[in-house]
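Encoded as structure tokens, the structure appears first; notes follow it.
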There are 2 protein chains.
Amino acid sequence: MTTSEHRGGDLPHGLEVLWDLREKAQRGPREGLSVERIVAAAIASADEDGLASLSMARVAKRLDFATMSLYRHVSSKDELQMLMVDVAYGTPPVLTETGDEWRAGLEKWARAFLEVFRAHPWMLQITVAGPPLEPGQLSWLECGLRTLGGTGLRPDEKLSVMLLMIGYVRTNAQLFGSSPAVDGEDAADADLMASYGKMLANIVARDAFPALSELIEAHTFDEPKDDFGFGLERVLDGIDALVRSRVTQ
Amino acid sequence: MTTSEHRGGDLPHGLEVLWDLREKAQRGPREGLSVERIVAAAIASADEDGLASLSMARVAKRLDFATMSLYRHVSSKDELQMLMVDVAYGTPPVLTETGDEWRAGLEKWARAFLEVFRAHPWMLQITVAGPPLEPGQLSWLECGLRTLGGTGLRPDEKLSVMLLMIGYVRTNAQLFGSSPAVDGEDAADADLMASYGKMLANIVARDAFPALSELIEAHTFDEPKDDFGFGLERVLDGIDALVRSRVTQ
DNA sequence: ACGCATCGTGTATGCTATACGCACAGGGGT
DNA sequence: ACCCCTGTGCGTATAGCATACACGATGCGT
């Protein structure tokens, strides 16, 4: 395998893989292993056993190959993790909402994006350095930007809006997404939140944290409700205000 | 050292340390080492060499103690990392803005919060499971909630607003905060962004990413400007819209 | 049929977290 | 003054980790 040079000067190996910029090898034996299979196995391993117990040896065992064979296709564990994240992002939904239906579109976008982190919680534990150059992450950005097409926002404003959305979904997933979404989702969330409220009430000194105590006493954490959806509407309200101000200008 | 039971039923060891719920030992030799010193050394190590090369042995060497001595004060590396994050959060600024000056207050809050992640980039790589029970993180939440005191928002709305703010700052720090804030801050950022724009333009297929290409061609990434501040104003606009709607109701 | 790029992998190295047990310190109760 | 018992520091040992390197096998281009 050699680098194709007609696009992207000298990219890291991992990015070349993700962008399909690698030419197939001519000489040599057929490959029994591939980056795709390795990444898929690694994702499955992380989904099942968590990121902490992900290791080259475990991934190799899953594929019935020797540990060192992985290194023929993946230059390091860090690169593998980068690949895992981007593949796990998958492809964003095709949003039919356009023009002034941007709000419904962004809501669908947010819920689908949240679902990604619910399915693969370990994604939040992997940080890729610098701004994203990977196709998976960028395709979600692209998808969001596209639904903002009819808003009349400036390009940089659209970017800011998407940064806001990404941040909201990620933070929400990180804080409340420890329970898997599979069975009895809302019930589990409610239990979690209720016990969190109790724990918080026990631990927090009322005089040192008055505003937080007010939150606790208002039973914000006790009632089961769609926290994500509620906050999301607030975010969309904010964006709506921005859009309106641009329209009237 | 034994657990004090009058507050918090049976908390994890790390939380007891952070909330100062541990009683001093009566019998036994004076401690030459302490959790505080260990955490401080670990933070210094992560600041200098990054989280990847943080190890118990390195931290111990910094303190001129044996590796295993750390385990007398810290139950595991995971716990140490949790402690590191919470101590590194430090204490939020004391905001004098109250009532209808919430916007200026939140802006100060956001910039101070960003500074934390700029000073300790590794904090973004450590994920603590579940909603926060640590005093550091909670004190920032408390600080933000307090500046929202005069807005007339419901408690749960205030929480959503703060979630939004936290998410925005974290995402921004993660994406653009790879360069340290110490010297020539804006210049470094501008260079980084410009080269990012070029790289993006090289890599992105125009037909598959039309909205993203529009962004690139609008030179959104080329011009040096205060991205954080710009996006922040959009977020605050959104919150402002929410606040106004509650006031008029 | 030869050569050579590529593949899979066994071995080895140095690092990692951490369980366990020992030696010792020093205040509390007698 | 004595002993005991809790807490401390740490040496040793183990299991797991990522990964460098060298070797043999493979099969296409010539």
Side-chain angles (χ1 to χ4, degrees), chain A residues 1-4 12-14 16-17 22-39 41-42 45-46 49-84 122 125-126, chain B residues 1-4 12-14 16-17 22-39 41-42 45-46 49-84 122 125-126:
Chain A
M1 291 211 186
T2 334
T3 304
S4 122
H13 173 258
E16 282 178 358
V17 170
R22 320 215 77 220
E23 295 162 359
K24 278 204 213 99
Q26 311 291 8
R27 287 174 281 262
R30 295 182 307 275
E31 55 181 19
L33 208 46
S34 69
V35 197
E36 288 77 14
R37 287 186 58 196
I38 293 173
V39 173
S45 173
D49 310 315
L51 190 65
S53 55
L54 179 84
S55 77
M56 294 292 168
R58 277 176 89 110
V59 174
K61 187 156 285 177
R62 243 171 203 276
L63 296 164
D64 267 315
F65 277 81
T67 307
M68 288 311 292
S69 304
L70 305 187
Y71 285 93
R72 284 282 164 203
H73 305 267
V74 152
S75 71
S76 72
K77 192 187 178 182
D78 274 351
E79 187 188 282
L80 175 59
Q81 290 190 337
M82 186 258 257
L83 294 171
M84 288 170 65
W122 45 265
Q125 296 177 51
I126 299 174
Chain B
M1 288 214 187
T2 334
T3 305
S4 120
H13 173 257
E16 282 179 357
V17 170
R22 322 216 75 223
E23 293 162 1
K24 278 204 214 99
Q26 310 292 8
R27 285 174 284 262
R30 295 179 308 272
E31 55 182 19
L33 208 45
S34 68
V35 197
E36 287 77 15
R37 287 186 59 197
I38 292 173
V39 172
S45 174
D49 310 314
L51 191 65
S53 53
L54 179 83
S55 77
M56 294 293 169
R58 277 176 90 110
V59 174
K61 187 157 285 178
R62 244 171 203 275
L63 296 164
D64 267 317
F65 276 81
T67 306
M68 289 310 293
S69 303
L70 305 187
Y71 286 93
R72 283 282 164 203
H73 306 267
V74 153
S75 70
S76 72
K77 193 187 179 183
D78 274 351
E79 187 187 282
L80 174 59
Q81 289 190 338
M82 186 260 257
L83 294 171
M84 287 170 65
W122 46 265
Q125 297 178 50
I126 300 175

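Every heavy atom of this structure was used, including side-chain atoms; hydrogens, water molecules and symmetry mates were not. Because the structure is predicted, anything quoted here is derived from the model rather than measured. In what follows, chains carry the letters A, B, and so on, assigned in the order in which the sequence lines appear, proteins first and then strands, with residues in each chain numbered from 1.
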Nearest heavy-atom approach of A/A41 to A/V59 is CB-CG1, 4.1 Å

Looking at C/dG8, D/dC10, D/dG7, which one has an atom nearest to any side-chain atom of B/A66? D/dC10

Mark up nucleotides 20-30 of chain C, 5' to 3', with B wherever a protein heavy atom is under 4.0 angstrom from a base atom, S wherever such an atom reaches only the sugar-phosphate, and - elsewhere. BB---BSS---

Measure NZ/B/K77 against P/C/dC15 and give the value in whole Å, please. 15 Å

Mind calculating the distance between NZ (A/K61) and P (D/dA18) to the nearest angstrom? 13 Å

So what does B/S55 hit on the nucleic acid, given a heavy-atom distance under 4.0 Å: a base, only sugar-phosphate, or nothing? sugar-phosphate

Looking for any heavy atom pair under 4.0 Å, which part of the strands does B/S76 touch: base, sugar-phosphate only, or nothing? sugar-phosphate

Gap between atoms CE and C1', on A/M56 and C/dT9 respectively (whole Å): 16 Å

Does D/dG9 have its OP1 or OP2 closer than 4.0 Å to a side-chain nitrogen or oxygen of B/H73? yes

Separation of C/dG8 atom C1' from A/I38 atom CD1, nearest Å, is 11 Å

Closest non-hydrogen atom pair, A/S34 against A/H73: CA-ND1, 4.0 Å

DNA chain D: A/S53 or B/G32, which has the more 5' nearest nucleotide? B/G32

A/L63 CG to C/dG8 P, straight-line distance once rounded to whole Å: 11 Å

Roughly how far, to the nearest 0.5 Å, is the NZ atom of B/K77 from the CG atom of B/L70? 11.5 Å

Could you tell me the separation between the CG atom of A/L33 and the P atom of D/dT26, rounded to a whole number of Å? 17 Å

Side chain to side chain contact (heavy atoms under 4.5 Å, CB included) between A/V35 and A/V74, intermediate numbers included: CA-CA 7 Å; A/V35 197; A/V74 152; 4.1 Å; yes

How many Å lie between CG on B/L70 and P on C/dA19, as a whole number? 14 Å

Closest contact, heavy atoms only, B/R37 versus B/G32: NH1-O, 2.8 Å

Where B/S76 and B/Y71 come nearest, the two heavy atoms and their spacing: CA-CE2, 4.1 Å

Could you tell me how far apart B/R58 (CZ) and C/dT18 (C1') are, to the nearest whole angstrom? 19 Å

Contact check, side chains of A/L80 and A/V39, non-hydrogen atoms, under 4.5 Å: yes

Tell me which of A/S69 and B/D78 sits closer to the 5' end of DNA chain C, going by the nucleotide each one is nearest to. A/S69

Could you check whether A/F65 gets within reach of a base, just the sugar-phosphate, or nothing at all, counting any heavy atom under 4.0 Å? sugar-phosphate

